[in-house]
Structure formats: C-alpha cells, structure tokens
Visitor: 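Have a look at this one before I ask anything.
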Protein chains: 2
Amino acid sequence: MNLRDFRYLLAVAEYGHFGRAAQACGVSQPTLSVQLRKLEEQLGLALFERDRKTVVPTSACERLIGHVRAAVAEADAILAAARDLCDPLAGTFRLGIIPTLAPYLLPLVFAPLREALPTLLLEPWEDQTLTLLDRLRAHELDAALLATEVDGSDFTSQPLFDEPFLAALPPEHPLAAREVVAESDLAQDILVLADGHCLRDQALAACGQGGSLGGALGGTLRAASLSTLLSMVAAGYGTTLIPGLAAGTAQDMGIVLRPLRERTGRTVRLVWRSSFPRRAAAEAVGRVIGDRLRGFAAGPI
Amino acid sequence: MNLRDFRYLLAVAEYGHFGRAAQACGVSQPTLSVQLRKLEEQLGLALFERDRKTVVPTSACERLIGHVRAAVAEADAILAAARDLCDPLAGTFRLGIIPTLAPYLLPLVFAPLREALPTLLLEPWEDQTLTLLDRLRAHELDAALLATEVDGSDFTSQPLFDEPFLAALPPEHPLAAREVVAESDLAQDILVLADGHCLRDQALAACGQGGSLGGALGGTLRAASLSTLLSMVAAGYGTTLIPGLAAGTAQDMGIVLRPLRERTGRTVRLVWRSSFPRRAAAEAVGRVIGDRLRGFAAGPI
DNA sequence: CCGATCTGATAGACCCCGCCTATCGAAGCA
DNA sequence: TGCTTCGATAGGCGGGGTCTATCAGATCGG
C-alpha cells in the first residue's frame with residue numbers, strides 16, 4: 001500500500017476517467033490501471049465500477065475515500081512543513097548562556113543576530129555551565145555560550161572572543177590609586193560568586209588561591225549573582241574581579257576598574273553537540289556574536 | 001515518499017535505536033538506516049541526531065511527527081475499513097422494487113433475508129420500472145426487483161419466480177359465478193393502473209387490448225396504486241387483474257378472485273448492472289427471494 | 001454496415017529501488 | 001588490548017513500477 005496509489009485513486013475518483021487521471025498524475029494509463037487493480041486486490045474489494053463509458057467509485061470506495069484524502073493531505077502537510085523546516089538558519093534556536101555573561105552580552109548581540117538571521121528565533125536560557133552542558137546533552141538546548149574549555153569529542157566549540165578580567169575596587173580602596181593592579185594583590189579581600197559559577201573558579205585561580213579565601217568576608221559571602229557582587233564592592237565590603245563586558249554596569253555603580261597586570265581573562269565560546277545537525281545555524285550565531293565582540297580586548301578601559 | 005518510511009521513522013522515534021526499530025519493522029538494520037537517510041534527503045532536513053549511544057529526534061522531526069503519525073493512522077484506518085467492507089455480503093444493499101410488488105413481497109422476504117444474510121443491510125426503494133432502471137444506471141441502486149424483461153447488456157437479470165395473474169371481481173359480478181375467467185372477458189369493464197406501471201401494460205396485453213379501454217370507467221380511471229384499484233373493484237366499479245401475491249389483500253377486501261384461463265402471469269426478476277462489483281450479494285439476495293417464493297404459481301387459489 | 005475513434009485491460013521488457021548479507025569504523029568496557 | 005555494540009557502507013539480488021505496443025469492446029459517422 002502506497003501513498004502513490006492513493007493519489008491515483010483520488011485522481012480517478014475526481015476525473016472519472018483513467019486516461020485523464022493518468023495524465024494528471026504524470027503516468028501512463030496502463031500504469032494507473034495496473035496499480036489501481038493491485039490496490040483493489042490488496043484491499044480485497046472493488047474501488048471502481050468500470051462501465052463502458054464511465055468510471056464510478058463503488059460505495060466501499062466512497063466509505064474509504066475520506067481516509068484516503070486525509071492520508072494524502074497529511075503527507076502533503078509533511079512535505080510542506082519540511083520545506084519550511086529545511087532551512088537550518090530558520091526556526092527556533094535554544095541558546096544557553098552563563099549568568100556572568102547573559103545580562104551584558106545579550107543586549108549587544110540581540111539586534112545584530114536578528115538582522116543577520118531574521119528567520120532564526122533565539123530562545124535564550126540562562127544557567128550555570130554544568131547545567132547548560134547537561135541540557136545540551138539532553139537535547140534541551142541547541143548550543144551554549146560558555147567561558148570555559150569543553151573537553152571530550154561529544155561537543156564542538158568555537159571561540160568567539162577574548163574577554164579580559166578587570167579589578168573592581170571601591171573608590172576609597174588603596175589599590176584604586178594604582179594604574180594597574182596585580183592579580184595577587186586582589187587576594188587580600190576578594191569577594192567571589194557562589195559555587196558553580198565558572199567566574200568564581202577563574203577569579204580564584206587568577207589570584208593564586210587554590211580554593212581558600214582571604215579577606216574580611218572570605219568564606220562567608222557567596223554572591224548568587226554578579227550584580228549582587230558588584231553591589232557589595234560598591235558598598236566597600238571588598239574587591240572582586242569582573243569580566244570586561246560588565247565594565248559599564250560597574251562604573252555606573254561608582255566602582256573603580258583597573259586593568260590587571262597579567263591581562264588575565266577568559267575566552268567566550270559557543271558550544272554545541274558534535275552531532276547537532278544544524279551546525280550551520282550554530283556557526284552563523286557564533287560568527288555574528290564574534291563579529292560584534294571581536295577586538296573587545298581593546299574595548300572599554 | 002512512502003508510508004513504509006513513515007513507519008520506519010515512527011519506530012526509530014519510539015525505540016531510539018535503529019536495531020530494535022528494524023526488528024519491530026521486520027527488516028534489517030541497514031535497510032532502515034538507508035531508507036531513513038533517503039527520507040531525510042527528500043525532506044531536506046535531519047530527522048534524527050545520531051549520537052554514539054542514543055538516537056534522538058531533531059526538533060524538526062518532532063514538528064513533523066504528528067503529521068507522520070496521522071498519515072500512518074489514516075492508512076491503517078483504510079486497511080481496517082477495507083477489511084470490514086471487503087465482504088460483498090456485508091454492508092448496505094439498495095434494492096429497488098416496483099410498487100405492485102413491494103407491499104406484498106417485502107413482508108414475505110424480509111425475515112428470510114435477514115436470517116440468510118445477517119450482515120447485509122437492505123435499503124428498499126419503491127418506484128416504477130423506468131425510474132428504477134434510471135437509478136440503477138446512476139449507481140443510486142444496487143439492484144431492482146422488476147416484473148419485466150430487461151434488454152441490453154448493461155444489465156444482468158436473474159429470474160426469481162413466476163407470479164400468476166388473477167381476475168379480481170366484485171362479488172356480485174357475473175363473472176364471479178365462473179370457476180375460471182377468460183382474460184378476454186375482463187376487457188369489458190377492466191380497471192387499470194396509471195401510466196408507468198408495468199402491471200398496466202401487462203393487464204391490457206393479457207386482455208387483448210392494445211391500449212384502448214372499454215368498460216364504464218375506461219379511459220377515466222388511472223389508479224395510482226394497486227391498493228386504490230382494489231378498493232374500486234371492491235366497491236363494484238369494475239374488474240381488474242392482479243398479481244398473485246396481492247391475493248390475500250384482495251380477499252380480505254371481499255373481492256372474488258378467479259384463475260385465468262390462459263394462466264397469464266409475470267416473471268419477477270432481480271436486475272443489476274452487469275458491471276456491479278458485488279454480484280455475489282445480488283445473487284445471494286435473488287436466491288433467498290427465489291427460494292421463498294418458488295412454487296408460488298401453485299400457491300393461494 | 002463498416003471503418004475511425006475512444007476507453008480500459010493486457011503483455012512484455014526494462015530498470016530502479018528496496019532488501020539482504022557481509023563488513024567497516026568508532027566507541028565503550030573489561 | 002580484545003570484545004561488544006551500534007550505526008554506516010558496500011555489493012548483489014529480486015521484485016515491482018513504469019513504459020510502449022497492442023487488444024477488446026463500444027460508440028459514432030459516413
């Protein structure tokens with residue numbers, strides 16, 4: 001039983017004429033006759049009563065023809081839907097983003113993405129690195145913007161741009177007087193994010209602290225968000241290390257920013273499953289973001 | 001694009017495993033792999049993301065799979081419906097019957113038909129011969145019970161039984177005194193049905209009247225139904241010639257019935273289009289009616 | 001009354017395509 | 001490292017769908 005046979009059946013039912021039906025189907029009349037007879041044998045009933053002059057559907061055929069029409073319509077719907085879906089640069093694109101990047105990066109790239117990929121409907125999803133990777137693995141995300149390297153061949157990653165870290169200091173802080181701050185100097189009273197934020201580990205590594213915290217609030221504060229962390233710094237509770245894209249927000253809060261002596265920073269990458277079939281969409285998204293943020297190392301400050 | 005491919009797709013989506021899906025479909029794993037890849041190429045999109053350990057439908061596939069399920073369901077519905085319809089002795093059977101036969105024959109054969117062909121749903125349709133033939137030609141009837149021969153190869157007819165005519169007389173009529181009535185004697189004051197009833201022509205032919213009418217009411221009465229005609233005879237307005245099956249009704253009305261000298265009668269036939277595909281049903285109906293009415297010539301009176 | 005025409009059915013040949021088995025390649029595991 | 005698993009690939013085979021050519025029956029017009 002074949003969809004083609006169904007189309008033959010509908011054509012004969014419509015034209016009441018094997019020759020014209022065959023023409024409409026783009027096949028020869030014998031082809032259509034043979035196939036319809038086979039279909040009749042498979043179904044075990046006569047579909048058409050062949051009179052000398054007319055071809056009339058049997059009552060059984062009329063009982064079936066609704067289902068036949070429906071089946072063909074569904075098949076056509078599949079083809080039509082596939083035509084809409086076949087462009088890998090169209091449709092929804094579920095993009096995971098880490099929390100220390102999302103609020104500062106998204107406003108910069110939303111418009112360029114919409115302009116460059118107008119048919120791509122971006123669905124951002126903010127979560128920490130490990131959660132994003134889990135969701136990637138579970139096919140709940142199409143790609144993710146991370147600031148860490150990803151190992152294993154399951155994932156493919158594309159570096160987009162380098163984002164320098166900056167020392168964030170209260171105005172009255174002694175280090176604020178310097179032009180450049182050494183990473184190790186921050187260790188004294190650095191405030192860091194809660195577990196799970198990659199920025200926490202990167203900040204601690206940069207300051208030469210394997211995991212133990214110094215400073216007044218060290219060990220007690222585990223800021224849930226970069227925004228909270230900045231508020232604490234602005235209030236004079238300590239220093240921290242922020243990603244470059246957050247510079248504008250920090251300065252607006254009255255925080256003093258200084259470049260780091262070792263120019264420590266992180267590389268923002270777009271990551272997707274190696275088996276992800278819409279690689280073209282992922283690469284296009286990465287390219288647009290990279291183009292917008294390239295040369296950011298020489299950006300603000 | 002093929003329904004089989006759709007079934008493959010659904011199987012892989014269900015099992016998430018090519019091997020098990022192939023087993024469920026009754027084909028080898030390479031067959032299923034190749035066919036699905038072809039389907040993907042035809043649709044121009046990836047349907048499954050093949051990971052090392054898992055096979056996961058793409059988002060495009062999930063958008064399509066509803067239609068796929070629907071198409072397969074419709075195809076299955078066609079098969080199921082065909083199974084129900086394929087028995088030619090099942091389903092509705094639209095049977096035309098002439099008015100001079102219907103009220104007397106149907107009560108006799110309804111129960112036997114229901115018993116012999118319990119799955120056949122009889123739909124009687126009462127009309128005059130020519131109308132029935134038109135409806136047969138138009139496929140609006142499956143067969144018809146007629147009392148005339150049908151010419152032409154378009155129709156096939158099966159004689160069921162012979163029905164003798166009887167002279168119907170008012171009790172006080174002079175002919176009522178005789179044991180047997182000659183057809184020609186009825187011509188004096190015979191009453192006949194309206195144009196279009198085959199019984200009218202047969203009665204006139206039997207009485208040797210080509211078309212002109214004698215008798216008191218001749219030329220003015222054109223009874224619309226046999227029932228009306230019998231009422232007229234019972235009221236003494238004239239004589240008539242009735243089909244044997246109407247004997248009981250006539251006697252109940254006080255009419256005197258007499259056999260005809262020449263044993264004139266008519267043959268009741270079942271007629272259907274030669275191309276009618278459910279010949280088996282027609283012949284079965286004819287057989288049941290024939291069995292019930294055979295030997296009717298020696299019946300009442 | 002006999003060709004011309006039209007219709008669907010049939011025959012025979014061809015070729016694509018779906019199926020199989022065998023094998024590969026990569027990954028995971030002991 | 002060898003074994004297992006899983007999907008992809010290769011090659012061969014057979015069936016089935018398609019074609020052209022033709023037939024069979026009916027209708028129509030000269």
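This one's a predicted model, so the numbers in the text were calculated from it and none came from an experiment.
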Visitor: Below 4.0 angstrom from OP1 or OP2 of D/dT18, is there any side-chain N or O of A/Ser28?
Guide: no
Visitor: Taking only the side-chain nitrogens and oxygens of A/Lys38, find out if one of them lies under 4.0 Å from OP1 or OP2 of D/dG17.
Guide: yes
Visitor: Counting only heavy atoms and a strict 4.0 angstrom limit, can you tell me which residues of residues 3-15 of chain B come near DNA chain C?
Guide: B/Arg4, B/Tyr8
Visitor: Measure the distance from CG on A/Leu36 to P on C/dG8 and round it to the nearest whole Å.
Guide: 11 Å
Visitor: Taking salt bridge (Lys or Arg N to Asp or Glu O under 4.0 Å) as the definition, give me every residue that meets it alongside A/Asp291, ordered by chain and number, with sequence neighbours left out.
Guide: A/Arg294
Visitor: Take B/Arg135 and B/Asp127, measure what salt bridge (Lys or Arg N to Asp or Glu O under 4.0 Å) needs, and give me the verdict at the end.
Guide: CA-CA 10 Å; B/Arg135 295 189 73 87; B/Asp127 232 321; 5.5 Å; no
Visitor: What one-letter contact string describes nucleotides 3-12 of chain D from 5' to 3', where B marks a base within less than 4.0 Å of any protein heavy atom, S marks contact via sugar-phosphate atoms alone, and - marks no contact?
Guide: ---SBBB---
Visitor: When you check the side-chain N and O atoms of A/Glu49 and A/Thr58, is any donor under 3.5 Å from an acceptor?
Guide: no
Visitor: Do B/Thr100 and B/Arg266 have a side chain donor and acceptor closer than 3.5 Å?
Guide: yes
Visitor: Can you tell me how far P of D/dT18 sits from CG of A/Leu39, to the nearest Å?
Guide: 13 Å
Visitor: Taking all non-hydrogen atoms of both residues into account, name the closest pair between B/Ala46 and B/Ala60 and its distance.
Guide: O-CB, 4.4 Å
Visitor: Between A/Thr267 and A/Asp162, is there a side-chain donor-acceptor contact under 3.5 Å, judged purely by atom types and distance?
Guide: yes
Visitor: Is it the case that A/Thr129 and A/Thr148 place a side-chain donor and acceptor less than 3.5 Å from each other?
Guide: no
Visitor: I'd like to know if the side chain of B/Thr92 pairs up with that of B/Glu123 as donor and acceptor (distance under 3.5 Å, no hydrogens or angles considered).
Guide: no
Visitor: CD of A/Gln35 versus P of C/dA9: gap in Å, rounded?
Guide: 13 Å
Visitor: Between A/Leu32 (CG) and D/dC19 (P), how many Å, whole number?
Guide: 10 Å
Visitor: In whole Å, what is the span from the CZ atom of A/Phe48 to the C1' atom of C/dA9?
Guide: 16 Å
Visitor: If you round to the nearest 0.5 Å, how far is OG of A/Ser33 from CZ of A/Arg50?
Guide: 7.0 Å
Visitor: How close or far is atom P of C/dG18 from atom CE of B/Met1, stated in whole angstroms?
Guide: 13 Å
